[in-house]
Amino acid sequence: MSDKMIENNQVTMMGEIVSPFLFSHEVFGEGFYMVEVDVKRLSNSKDRIPLMISERLIDVSKDYTGEFIMINGQFRSYNRHEEMKNRLILSVFVRELFFIEEELDGAKTNQILLDGYICKQPVYRKTPLGREIADLLLAVNRPYGKSDYIPCICWGRNARFASAFEVGEHVQVVGRIQSREYTKKITETETQKRVAYEVSVSKLECMDEPV
């Protein structure tokens with residue numbers, strides 16, 4: 001894989017393992033497993049982030065619940081068909097993994113850099129309290145003609161800036177991955193709790209030259 005393809009999607013994360021490993025799939029005899037980590041926010045709340053890890057990086061037969069790890073990887077997506085439509089599934093694909101004694105003071109526990117293209121018209125809105133928000137969907141290229149589709153959310157001045165983007169514009173995003181619980185209505189009387197993942201944007205730059 002070229003360095004460029006790694007540079008356009010970089011995740012660094014530190015957190016506590018909170019689940020056992022669960023088999024996901026196999027590629028050319030290599031098994032991949034899912035595990036969840038709790039990652040602290042500055043507010044002392046936590047995001048629960050799914051990681052996809054190769055069995056070649058760690059002994060997946062062991063339970064590491066309660067252990068702290070640091071990882072480097074990429075934010076990946078794929079479409080899963082359910083309920084007569086496709087659902088975007090997101091996880092962090094781990095390339096490097098290190099066990100640590102505890103979360104390091106002053107270290108950034110959750111950082112992502114994405115370099116990609118706007119693939120859906122941004123949605124700008126205001127909350128009832130007047131807070132400005134813009135939702136973006138970013139296509140980030142992978143080798144062999146594949147792309148990851150990453151939802152991003154901008155606030156305030158970044159939201160106003162992002163609202164003017166057009167489909168196809170080249171942008172660079174720096175932020176953090178966050179989890180967000182929501183309730184999906186299944187029937188008139190039945191609901192289901194789900195978790196969505198997105199990039200909360202702290203820095204946003206348009207890479208296209210102005211005309």
Side-chain angles (χ1 to χ4, degrees), residues 1-19 21-22 24-25 27 30 32-43 45-58 60 64 67-79 88-100 102-104 106-119 135-144 146-155 158 170-180 195-205 207:
M1 180 182 298
S2 71
D3 289 341
K4 182 64 179 176
M5 288 301 182
I6 295 175
E7 288 173 0
N8 66 2
N9 187 337
Q10 299 179 52
V11 175
T12 302
M13 189 171 289
M14 186 190 311
E16 179 184 358
I17 296 175
V18 293
S19 76
F21 285 93
L22 180 66
S24 172
H25 64 283
V27 179
E30 182 178 2
F32 292 88
Y33 290 75
M34 302 300 300
V35 69
E36 293 186 330
V37 296
D38 274 356
V39 182
K40 284 185 179 178
R41 295 189 187 187
L42 293 176
S43 62
S45 59
K46 296 179 180 179
D47 292 294
R48 183 157 293 187
I49 307 298
L51 307 183
M52 182 177 291
I53 302 180
S54 166
E55 62 186 353
R56 296 180 183 176
L57 289 181
I58 192 171
V60 295
Y64 298 94
E67 298 277 353
F68 288 92
I69 59 170
M70 180 182 292
I71 67 96
N72 296 314
Q74 297 177 300
F75 205 20
R76 296 276 186 91
S77 73
Y78 72 93
N79 279 313
L88 191 67
I89 305 297
L90 295 149
S91 63
V92 175
F93 182 83
V94 176
R95 294 193 170 278
E96 296 179 298
L97 182 153
F98 312 93
F99 284 96
I100 55 179
E102 57 184 357
E103 291 178 334
L104 305 176
K108 290 187 176 179
T109 59
N110 185 342
Q111 187 170 26
I112 183 170
L113 180 139
L114 297 173
D115 189 312
Y117 299 85
I118 301 294
C119 58
D135 296 308
L136 309 178
L137 188 62
L138 208 61
V140 181
N141 291 333
R142 252 199 255 174
Y144 315 116
K146 294 184 178 181
S147 296
D148 292 294
Y149 296 93
I150 310 298
C152 303
I153 186 166
C154 307
W155 313 88
N158 279 335
H170 181 194
V171 301
Q172 192 172 88
V173 162
V174 176
R176 66 189 318 279
I177 300 172
Q178 66 180 19
S179 59
R180 174 174 52 84
V195 181
Y197 306 99
E198 61 202 356
V199 173
S200 180
V201 176
S202 58
K203 295 181 182 178
L204 181 64
E205 184 177 358
M207 308 303 287

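Residues take their numbers from the sequence shown, with the count starting at 1.
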Problem - Phe93 atom CZ: more than 12 heavy-atom contacts under 6.0 Å - result: yes
[X] side, atom [atom1]; [Y] side, atom [atom2] - distance, nearest 0.5 Å:
X: Lys146; Y: Arg76; atom1: NZ; atom2: CZ; value: 8.5 Å
X: Met52; Y: Leu22; atom1: CE; atom2: CG; value: 10.5 Å
X: Glu198; Y: Asp135; atom1: CD; atom2: CG; value: 7.0 Å
X: Ile71; Y: Ile49; atom1: CD1; atom2: CD1; value: 10.0 Å
X: Ile69; Y: Met13; atom1: CD1; atom2: CE; value: 9.5 Å
X: Ser200; Y: Ile177; atom1: OG; atom2: CD1; value: 11.0 Å

Fill in the blank from the handout: For Ser24 and Met34, the nearest pair of non-hydrogen atoms, with its separation, is CB-CG, 3.9 Å
Expected output: side-chain [X] to main-chain [Y] donor-acceptor under 3.5 Å:
X: Thr109; Y: Lys40; result: yes
X: Glu30; Y: Val27; result: no
X: Asp115; Y: Gln172; result: no
X: Ser77; Y: Tyr149; result: yes
X: Asn8; Y: Asn141; result: yes
X: Ser179; Y: Arg48; result: yes
X: Asn158; Y: Ser202; result: yes

Problem - Stepwise side chain to side chain contact (heavy atoms under 4.5 Å, CB included) check, Val140 with Gln74 - result: CA-CA 10 Å; Val140 181; Gln74 297 177 300; over 6 Å; no
Exercise for the section: Decide yes or no on side chain to side chain contact (heavy atoms under 4.5 Å, CB included) for Val174 and Ile112, but give the supporting numbers first. Expected result: CA-CA 6 Å; Val174 176; Ile112 183 170; over 6 Å; no
Exercise for the section: List the steps and the verdict of side-chain hydrogen bond (donor to acceptor under 3.5 Å, both in side chains) for Glu96 and Asn72. Expected result: CA-CA 5 Å; Glu96 296 179 298; Asn72 296 314; 3.0 Å; yes
Heavy-atom distance under 4.5 Å between the side chains of [X] and [Y], does that happen here?
X: Cys152; Y: Leu114; answer: yes
X: Met14; Y: Phe68; answer: no
X: Leu88; Y: Asn79; answer: yes
X: Leu90; Y: Pro151; answer: yes
X: Tyr78; Y: Ile89; answer: yes
X: Ile53; Y: Val60; answer: no

Problem - Matching residue for Ser19 among Val35, Leu51, Asp38 - test: side-chain contact (heavy atoms from CB on, under 4.5 Å) - result: Val35
Problem - Parallel, tilted or perpendicular: ring planes of Phe21 versus Tyr64, cut at 30 and 60 degrees - result: perpendicular
Exercise for the section: Quick one: do Ile153 and Gln178 satisfy side chain to side chain contact (heavy atoms under 4.5 Å, CB included)? Show the steps, please. Expected result: CA-CA 10 Å; Ile153 186 166; Gln178 66 180 19; 3.9 Å; yes
Exercise for the section: Assess the pair Phe75 and Tyr197: is the distance between their ring centroids shorter than 6.0 Å? Expected result: no
